[in-house]
Amino acid sequence: MDSPIEFIPEEFIIKQPNKPEVLELLSELEFNRLSKRLLGDEVELKPTSSSGQMSLFGGSVGESIKEEVQPVEYKTIQDLNPNYTLISTELEHKEFVKILCNQKTVCFDTETSGLNPRESSIIGLAFCFKKGEAYYCSISENPNTLNIYQSFFEDSSILKIAHNLKFDAAVLKSNKVNVVGPFFDTMIAHYLLKPDQRHGMDVLANNYLSYKPISIETLIGKKGKNQKSMLEIPADIIKDYAAEDADITFQLYQVFEPAIKKEKLESLFYDIEIPLSIVLMEMENEGICLDTKSLSDFSIMLEESIKNLKSTIYGFSEVDFNIDSPKQLGDILFNHLALDEKAKKTKTGQYKTDEQTLLKLASKHQIVKEILEYRQQKKLQSTYVDALPKLISAQTNRLHTTFMQTVAATGRLSSTNPNIQNIPIKTEMGKEIRKAFISRNKDYSILAADYSQIELRIIAALSGDKSMIDAFKNNIDIHSSTAAKVFKVDFKDVTQDMRRKAKMVNFGIIYGITAFGLSQRLGIKRGEAKEIIDNYFEQFPDIKTYMDSMVDFARENGYVETIKNRKRHLKDINSRNAPIRGFAERNAINAPIQGSAADIIKIAMINIRKEMQLRNLKSKLLLQVHDELVFDLFNEEKDVMLELVEKNMSGAVNLKVPLNVEMGIADNWLDAH
DNA sequence: GACTTCACG
DNA sequence: ACGTACGTGAAGTCC
């Protein structure tokens with residue numbers, strides 16, 4: 001049985017749960033299927049089966065819940081009786097592609113043998129250019145069939161619409177088909193409209209079309225070892241499923257295209273996100289080389305070291321236990337060794353054993369230091385040293401991440417499989433891992449280019465704070481400059497400790513500072529932290545005004561936006577629950593800053609790629625890590641590239657502060673910094 | 001699958 | 001009197 005609850009894309013909070021017009025949408029059964037938590041006079045609800053690691057509070061829906069949940073009955077393919085056609089003979093394909101090329105606007109979708117674009121073949125193509133009418137072109141029987149469609153994909157007079165275009169473009173590319181714009185991507189469109197929600201086609205079909213599509217599991221079975229490949233399914237069975245996908249994409253386009261216009265998101269969509277998706281596709285496709293020999297040497301060393309740490313720890317504990325289990329570790333530290341009578345607990349009642357907690361115990365027992373060391377090395381081994389080589393593609397011998405363009409609510413990218421945005425760099429051992437990211441051969445080097453202090457520069461520019469802008473214009477060390485002002489000393493008298501504290505304050509400003517947060521991080525009293533913050537706002541009154549204005553704007557409009565009009569909706573901004581409201585207020589401050597930085601580097605990436613293509617350069621853009629770009633630099637292009645990258649990064653947008661870019665070249669990623 | 005921890009910006 | 005710095009993804013345990 002299908003409950004509409006499954007299709008509420010987000011966690012939500014029902015304000016005043018006794019209000020009938022809200023609660024009537026949920027049957028008792030549905031209500032019981034949600035996990036509930038009382039938060040003052042509000043109830044937090046979330047689907048119990050939701051995929052984990054959601055944000056702390058998520059978005060409360062308040063009024064908009066009515067829009068989201070309304071369709072309790074979903075139409076299916078049986079209800080609508082659409083006109084879906086199978087195209088399979090060579091003659092049919094040739095006739096059909098003529099029809100396609102006469103269209104102005106066409107949705108397409110590829111059916112593939114798998115989810116990895118470089119390892120998958122194309123089984124069929126689905127097209128739709130009119131609601132309720134779609135075509136499934138089976139092409140796996142004859143490999144030449146795909147070529148027939150080249151004329152369509154290369155036609156720049158046709159608007160091509162897809163849901164997650166990056167994937168389809170990548171699969172076509174790996175099957176030697178080039179696809180050109182103009183493009184529309186319904187997944188990205190929805191990401192710009194509702195950045196903090198989910199953008200899967202099924203969810204969107206439910207919410208915007210009141211339609212329940214045929215599930216992929218109907219075709220290939222449930223996830224697991226028995227799941228079939230699309231290759232095993234006959235074309236006439238795939239037909240309805242594939243054609244329906246194209247049909248839905250077309251209908252979503254009809255909803256989202258005007259919505260993008262209405263919300264003034266056209267420039268962000270057409271000038272930034274859509275071109276970026278192609279840049280990302282090329283970066284993913286390129287991949288980066290990994291020095292597997294150095295990693296396997298390092299792994300052997302780590303293995304030995306971890307073994308020794310383990311036996312030292314067991315020596316201290318006098319009993320064997322699983323160090324990887326926080327539960328067992330807590331038992332050893334706080335019951336067996338009784339290191340802290342008032343040990344902090346997690347929200348589920350277990351002892352906290354995270355790094356911050358352990359550091360405070362380090363002076364009480366030698367075991368603690370060993371555990372911290374063990375934790376660090378185990379992390380490096382399991383998450384990186386042993387995991388990365390397994391992800392190297394057999395075809396290309398390189399590591400191909402997937403950049404997720406519609407995940408981060410602020411507009412940032414994220415990276416999976418592997419995540420190349422959290423490769424270690426801070427510790428000595430961690431550096432060994434970054435060192436294993438290398439150029440493709442001796443004719444190439446790694447070029448790393450990163451924005452210096454981009455988020456602080458953005459807040460300086462947006463707030464118009466003169467003293468901070470001056471500091472950046474004059475290239476003065478920003479943390480020392482802040483320290484001099486906050487601690488009211490001459491610049492030359494700033495101590496290391498003052499600078500350290502000021503650096504924390506600067507980070508705090510970007511995150512929406514609290515006295516508690518600062519005191520925790522600096523290990524000082526709350527009162528002292530409050531005094532520092534008060535001094536800061538006294539010295540930087542424009543920053544204070546700017547922060548307040550962001551919160552006020554959010555309260556009035558329900559969202560905040562970046563320099564390129566990327567919105568983040570903050571439904572909790574007027575919540576009567578103080579912690580929830582505080583969270584939204586900090587988002588109101590942070591989102592425009594983090595999001596504007598994301599806008600800027602995205603523009604830089606597009607312009608860099610455009611110019612590299614124009615100049616026919618052999619160097620390749622490989623990675624993006626929020627404020628940094630990583631290239632495989634063709635050595636002969638060193639001078640051209642340094643100039644080109646610097647120019648396009650610092651010149652991506654015009655701000656009241658200069659955007660400084662630091663660049664480095666080496667044969668590996670570590671030394672390029 | 002929830003929870004905890006920790007890697008990065 | 002609350003719980004608290006922003007944004008991510010992955011690995012391990014334990015139910």
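We name chains A, B, ... by the order of the sequence lines, and we start the count at 1 in each one.
- Between the CH2 atom of A:Trp669 and the P atom of B:dC8 there is a distance of 11 Å, rounded to whole Å.
- At least one side-chain nitrogen or oxygen of A:Asn322 sits closer than 4.0 Å to the OP1 or OP2 atom of C:dT13.
- Between the side chain of A:Ser519 and the backbone N or O of A:Lys525, no donor-acceptor pair lies under 3.5 Å.
- Set against C:dT8, C:dG7, C:dC2, the side chain of A:Ala578 has C:dC2 as its closest nucleotide.
- Nucleic acid contact for A:Met504: base, since at least one base atom lies under 4.0 Å from a heavy atom of the residue.
- Between A:Asp599 and the options A:Lys567, A:Arg412, A:Arg566, A:Lys564, a salt bridge (charged side-chain N to carboxylate O under 4.0 Å, His left out) holds for only A:Arg566.
- As a whole-Å value, the separation of A:Leu570 CG from C:dC6 P is 12 Å.
- Using a 4.0 Å cut-off between charged nitrogen and carboxylate oxygen, A:Asp386 and A:Lys390 do not count as a salt-bridge pair.
- When heavy atoms are screened at a 4.0 angstrom cut-off, A:Glu355 is found touching the sugar-phosphate backbone but no base atom.
- Rounded to a whole Å, the CZ atom of A:Phe583 is 20 Å from the P atom of C:dC2.
- The gap from the P atom of C:dT4 to that of B:dT4 amounts to 12 Å, rounded to the nearest Å.
- Using a 4.0 Å heavy-atom criterion, one finds that A:Gly508 contacts the bases of the nucleic acid, with or without backbone contacts as well.
- No hydrogens or angles were tested; on distance alone, nothing pairs the side chain of A:Gln421 with the base of B:dC8 as donor and acceptor under 3.5 Å.
- Backbone-only engagement by A:Arg375 is indicated by non-hydrogen atom pairs under 4.0 Å involving sugar-phosphate atoms exclusively.
- The cationic atom of A:Lys485 (NZ for Lys, CZ for Arg) lies less than 6.0 Å from the six-membered ring centre of A:Phe540 and within 45° of the ring axis.
- Contact between the side-chain N/O atoms of A:Asn587 and the OP1/OP2 oxygens of C:dG7 is found at a separation under 4.0 Å.
- In this structure, A:Ile513 reaches the bases: a heavy-atom distance under 4.0 Å links it to at least one base atom across the strands shown.
- Distance A:Lys347 NZ to B:dT5 P: 11 Å, rounded to the nearest Å.
- Distance from the side chain of A:Asn422 is smallest to B:dC8 among B:dC6, B:dC8, B:dC3.
- Between the OH atom of A:Tyr191 and the C1' atom of C:dG7 there is a distance of 10 Å, given to the nearest Å.
- Whole-Å rounding puts the A:Lys379 NZ to C:dT13 C1' distance at 14 Å.
- As judged by a 4.0 angstrom heavy-atom cut-off over every strand, A:Gln328 is placed among residues touching the sugar-phosphate backbone only.
- Checking A:Ala515 against A:Arg568, the closest nucleotide of DNA chain C that is more toward the 5' end is the one next to A:Ala515.
- Among the protein residues, A:Ile425 comes within range of the sugar-phosphate backbone only, with heavy atoms under 4.0 Å from sugar or phosphate atoms but none that close to a base.
- The base of C:dC14 has none of its N or O atoms less than 3.5 Å from a complementary donor or acceptor on the side chain of A:Lys327.
- Atom CG of A:Asp324 and atom P of B:dT5 are 13 Å apart (whole Å).
- Judged as a salt bridge (charged side-chain N to carboxylate O under 4.0 Å, His left out), the pairs with a partner in residues 374-383 of chain A (not counting sequence neighbours) are, in order, A:Asp324-A:Lys378.
- For A:Ser325, the listed nucleotide lying nearest its side chain is C:dT13; candidates were C:dG9, B:dC8, C:dT13.
- A cation-pi arrangement is absent between A:Lys310 and A:Tyr374 under the rule of less than 6.0 angstrom and at most 45 degrees off the ring axis.
- Without hydrogens or angle criteria, A:Glu561 side chain to A:Pro592 main chain gives no donor-acceptor distance under 3.5 Å.
- Remark: the separation of the P atoms in B:dA7 and C:dG3 is 28 Å, to the nearest Å.
- With both pairing distances under 3.5 Å, C:dC2 is matched to nothing as a Watson-Crick or G-U wobble pair.
- Taking 4.0 angstrom as the limit, A:Thr383 places none of its side-chain polar atoms (N or O) nearer than this to OP1 or OP2 of C:dG9.
- The distance from atom CZ of A:Arg586 to atom C1' of C:dG7 is 13 Å, rounded to the nearest whole Å.
- The side chain of A:Thr348 contributes no N or O atom lying less than 4.0 Å from OP1 or OP2 of B:dC3.
- For A:Ala409, whose side chain is taken as the heavy atoms from C-beta onward, the closest listed nucleotide among C:dT8, C:dA10, B:dG9 is C:dT8.
- At least one donor-acceptor pair closer than 3.5 Å links the side chain of A:Gln405 to the backbone N or O of A:Glu273.
- Considering only the side chain of A:Thr346, B:dT4 comes nearest among C:dA5, B:dC8, B:dT4.
- Checking B:dC8, B:dC3, C:dC6 against every side-chain atom of A:Pro424, the shortest atom distance belongs to B:dC8.
- When distances are taken from the side chain of A:Asp354 to each of B:dC6, C:dC6, C:dT13, the shortest belongs to B:dC6.
- Among the protein residues, A:Gln376 comes within range of the sugar-phosphate backbone only, with heavy atoms under 4.0 Å from sugar or phosphate atoms but none that close to a base.
- In this structure, of C:dG3, C:dG7, B:dG9, it is C:dG3 that holds the atom nearest to the side chain of A:Arg526.
- Side-chain proximity of A:Thr416 to C:dA5, C:dA10, C:dG12: nearest is C:dA10.
- Taking the side chain of A:Ala408 as heavy atoms from C-beta on, and the options B:dC6, C:dG7, C:dA11, the nearest nucleotide is C:dG7.
- Counting non-hydrogen atoms under 4.0 angstrom, A:Lys378 reaches nothing in the nucleic acid.
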